[in-house]
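Residue numbers begin at 1 in each chain, while the letters A, B, ... track the order of the sequences.
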Number of protein chains: 2
Amino acid sequence: MLSNRQLLVLQVIIDEFIETAQPIGSRAISKKQSVSFSPATIRNDMADLEEMGFIEKTHSSSGRVPSEKGYRFYVDHLLLPVHLSDRDQRTISNLFDQDLVEFEQVVQKSAHVLSDLTNYTSIILGPEVYETTLKQLQIIHLSETTALAILVTNTGHVEHRSFTVPEKIKATDLEKLVNILNERLIGVPIVHLHKQLQKELTSVLDRYVDNVETAFDYLKSALLDQHPNNIYYGGVTNIMLQPEFNDVEKVHSLYSLMEKNDLIANVLRTTGEGIHISIGQENKIDEMQDCSLITATYSLAGQQLGTIALLGPKRMEYSRVISLINVLSNQMTRTFNDW
Amino acid sequence: MLSNRQLLVLQVIIDEFIETAQPIGSRAISKKQSVSFSPATIRNDMADLEEMGFIEKTHSSSGRVPSEKGYRFYVDHLLLPVHLSDRDQRTISNLFDQDLVEFEQVVQKSAHVLSDLTNYTSIILGPEVYETTLKQLQIIHLSETTALAILVTNTGHVEHRSFTVPEKIKATDLEKLVNILNERLIGVPIVHLHKQLQKELTSVLDRYVDNVETAFDYLKSALLDQHPNNIYYGGVTNIMLQPEFNDVEKVHSLYSLMEKNDLIANVLRTTGEGIHISIGQENKIDEMQDCSLITATYSLAGQQLGTIALLGPKRMEYSRVISLINVLSNQMTRTFNDW
DNA sequence: ATTAGCACTCGAAAAGAGTGAGTGCTAACA
DNA sequence: TGTTAGCACTCACTCTTTTCGAGTGCTAAT
């Protein structure tokens, strides 16, 4: 069990390291306002803390830096809830005072605010089309052999894909199909589209369309296949402002990771509801082992829509960032539910 | 005027520097197959070339590196047309063998191929909506107060924007307006939409719609304002593989630049037709002064659609890159015109 | 006109010296 | 018994110094 003084020492070390990115020595700790012990006393506590794995030395006679276990303890037990600064609060309320009408817009602007305020990189996932319902389906013929399928959801999200129309499908068949689909499918959650189609409509369609199967397959693949991961990054250059990324190798590895959208999407999609923090090795992705990732979900009518996340060095301003991301994701959820 | 031997020496220096990124000494040049002179002779020529500003020393007793004037001369006069390697040719024909039906797709995949083959960063602009014609216009009401405007062009490009519908506009008015617009405007170049609207339709609309001006204004701003710059980057991490960007500062400045889309769009939009090369200080953008930018345009029916570009260090594999970008932009133009 | 020879330059890498911030340990102290 | 002062020790950093070698310019010989 940690003594009160040890808790204090650990707190000071981490706070200080988060600010300066430099190892902290016993003398520096002893000089802090909140600490009234001599360096020698502090050194004893530091030795204990190191033995327990909360802090580390960079070399045998250096000051201490937090270990990942230290950060985890800090996040779990030492984090004092902070009130946001005036500037932070103003920036956020400015954002939500504009009347934004598109989901994507809200989410993207939130991400930008988040990365601007923190100097870390924001990542957002969603809003997931899967969670929304069909508003309208449309086919537009661009030429004899190509057509454009447009799908609009109730959240104002637009998906479109163009495809080659094979010769055996008549243009009129496609149109009929779309009309019928629109009659029957508006309001159906996108995620159920496929099942719904198969179950209820095949027989009905037979009457109207000559070549149901093929037309249907084409439409399906045009609309539902290769669903793009709805991933968006904000403030990607911020990473380079952090001293731990003063090495092109590291930046390169992280940026390459950001090109693998499906990997990141997977991680963000599988975080539970609310705020989650993973520190260093806790991250499943190799390239993130030197980073911390803070995620928060936003939702509509209790239904989880997507995730907003912040990627930075392990030496993150946890307390401030958590407050920010908390306020933002709540505001997002509120805004969506107001519509 | 440069002697033949001086031309040879300059060529060897630049070729070698492009490959190794190291200063080249007289001994190294003399050892080349194509050179049959002693180091001392080479040194005399090098001194001359330096006096004329084609090459530089990094310090008083170092080998030589090309100056920007040197690169310019190389590009203008020493570039031997290269035949593409098998691999390059195969990659490109693979790309165009797939049946791609969307403009964006072709352009983006081309950019990716370009950056993958060269290890530089590709930038593409367009296809410009301005150059295309209206295929269909549509308004979808999402709720009482919000609506989504979707604009489809003949090239399969989809633009959409959602907006707040003010109370004084009736939903039916908007629909009427859209119907009329569709009747009259399909086939009109997007760039003329505005003029066309004002000139021909105001009187007609008066008959049908109660509140033309307001409805029209809203629609216009939803569709035509804040036209996003259609900029796309490929292989952005490649830059970090180049030794001249082994410094986070430089990478940061270049990446920050890439977030300023309008600046880049402007540069790409104002390059003339065909292939253009700007080297170092020839670039108008400050952050690019250490880079070379190679641009090529692609077009449809003689109408310039957009630009495809490659950004890399001044020490670029000019001959290969130019061949590649040439073949690619021609293939793109051909593909578009085939549709 | 070309080349060999030679003294010279200068960056890069290696080796050494000094500095200081930090430690652990021991003994003294309240 | 918990805290502190004192002290020897460690080790990264910085600053010089040295060495090394690739490269140069110049001059004289071919």
Side-chain angles (χ1 to χ4, degrees), chain A residues 1-10 12-17 19-67 70 243-244 246-247, chain B residues 1-10 12-17 19-67 70 243-244 246-247:
Chain A
M1 209 34 226
L2 291 174
S3 74
N4 278 343
R5 197 177 57 211
Q6 286 171 336
L7 289 176
L8 178 64
V9 169
L10 182 56
V12 169
I13 289 177
I14 301 190
D15 281 342
E16 202 71 8
F17 186 72
E19 195 176 325
T20 65
Q22 296 296 324
I24 324 296
S26 55
R27 203 177 113 91
I29 298 175
S30 156
K31 272 187 178 164
K32 285 245 105 182
Q33 293 292 334
S34 51
V35 178
S36 53
F37 302 94
S38 76
T41 311
I42 308 290
R43 278 204 288 283
N44 286 326
D45 286 338
M46 287 168 97
D48 293 342
L49 286 170
E50 185 174 9
E51 221 161 63
M52 291 183 273
F54 292 115
I55 55 180
E56 293 167 347
K57 287 190 267 197
T58 59
H59 60 87
S60 75
S61 71
S62 78
R64 305 307 212 289
V65 299
S67 69
E244 26 274 278
N246 215 332
D247 169 22
Chain B
M1 208 36 223
L2 291 174
S3 74
N4 278 343
R5 198 177 56 211
Q6 286 171 336
L7 289 176
L8 178 64
V9 169
L10 182 55
V12 169
I13 290 178
I14 300 189
D15 280 342
E16 203 70 8
F17 186 73
E19 195 177 321
T20 65
Q22 297 295 326
I24 325 296
S26 54
R27 200 177 115 91
I29 298 175
S30 157
K31 271 189 180 164
K32 285 245 107 185
Q33 292 290 335
S34 51
V35 179
S36 54
F37 302 94
S38 75
T41 311
I42 308 290
R43 277 204 289 282
N44 287 326
D45 286 339
M46 287 167 95
D48 292 343
L49 286 169
E50 184 174 11
E51 222 161 61
M52 290 183 273
F54 293 115
I55 55 179
E56 292 167 348
K57 288 190 265 197
T58 60
H59 60 88
S60 76
S61 71
S62 79
R64 304 306 212 288
V65 297
S67 69
E244 27 273 278
N246 214 332
D247 169 21

Value in whole Å for how far the C1' atom of dT24(D) lies from CG of Asp45(B): 15 Å
Ser30(A) (side chain) donor-acceptor with Ser38(A) (main chain) under 3.5 angstrom: no
Worked check of side-chain contact (heavy atoms from CB on, under 4.5 Å) between Val12(A) and Val35(A): CA-CA 9 Å; Val12(A) 169; Val35(A) 178; 4.1 Å; yes
Footprint string (nucleotides 13-22 of chain D, 5' to 3'): B base within contact, S backbone only, - free, heavy atoms under 4.0 Å: ----------
Shortest non-hydrogen separation from Met52(A) to Gln6(A) and the atoms involved: CE-OE1, 4.2 Å
Rounded interatomic separation in angstrom, taking NZ from Lys57(A) and C1' from dC11(D): 11 Å
Under 3.5 Å: donor-acceptor pair, side chain of Ser26(B), backbone of Ile42(B): no
Minimum heavy-atom distance Met46(B)-Gly25(B), with the two atoms named: CE-C, 4.3 Å
Minimum side-chain heavy-atom gap Val9(A)-Ile13(A) below 4.5 Å: yes
From Arg64(B) atom CZ to Asp45(B) atom CG, the distance as rounded to the nearest 0.5 Å: 10.5 Å
Distance in angstrom units between Ile55(B) CD1 and dG25(D) P, rounded: 9 Å
Flag side-chain contact, heavy atom, 4.5 Å: Asp15(A) against Glu19(A): no
Nucleic acid contacts of residues 2-10 of chain B, taken as heavy-atom distances under 4.0 Å to DNA chain C: Arg5(B)
Residues within residues 19-42 of chain A bordering DNA chain C, heavy-atom distance below 4.0 Å: Gly25(A), Ser26(A)
Student check: side-chain heavy atoms of Leu10(A) and Ile14(A) closer than 4.5 Å: yes
First encountered from the 5' end of DNA chain C, between Thr58(B) and Arg43(B): Arg43(B)
Closest-nucleotide 5' rank along DNA chain C - winner of Asn44(B) and His59(B): Asn44(B)
Leu49(A) CG to Leu2(A) CG distance, which is reported to the nearest 0.5 Å: 6.0 Å
Neighbour count >12 (heavy atoms, 6.0 Å) for atom NZ, Lys57(B): yes
Given dG24(C), dT9(C), dG25(D), the nucleotide with the shortest approach to the side chain of Arg64(A): dG24(C)
Separation of atom CG in Asp48(A) from atom C1' in dG24(C), rounded to whole Å: 13 Å
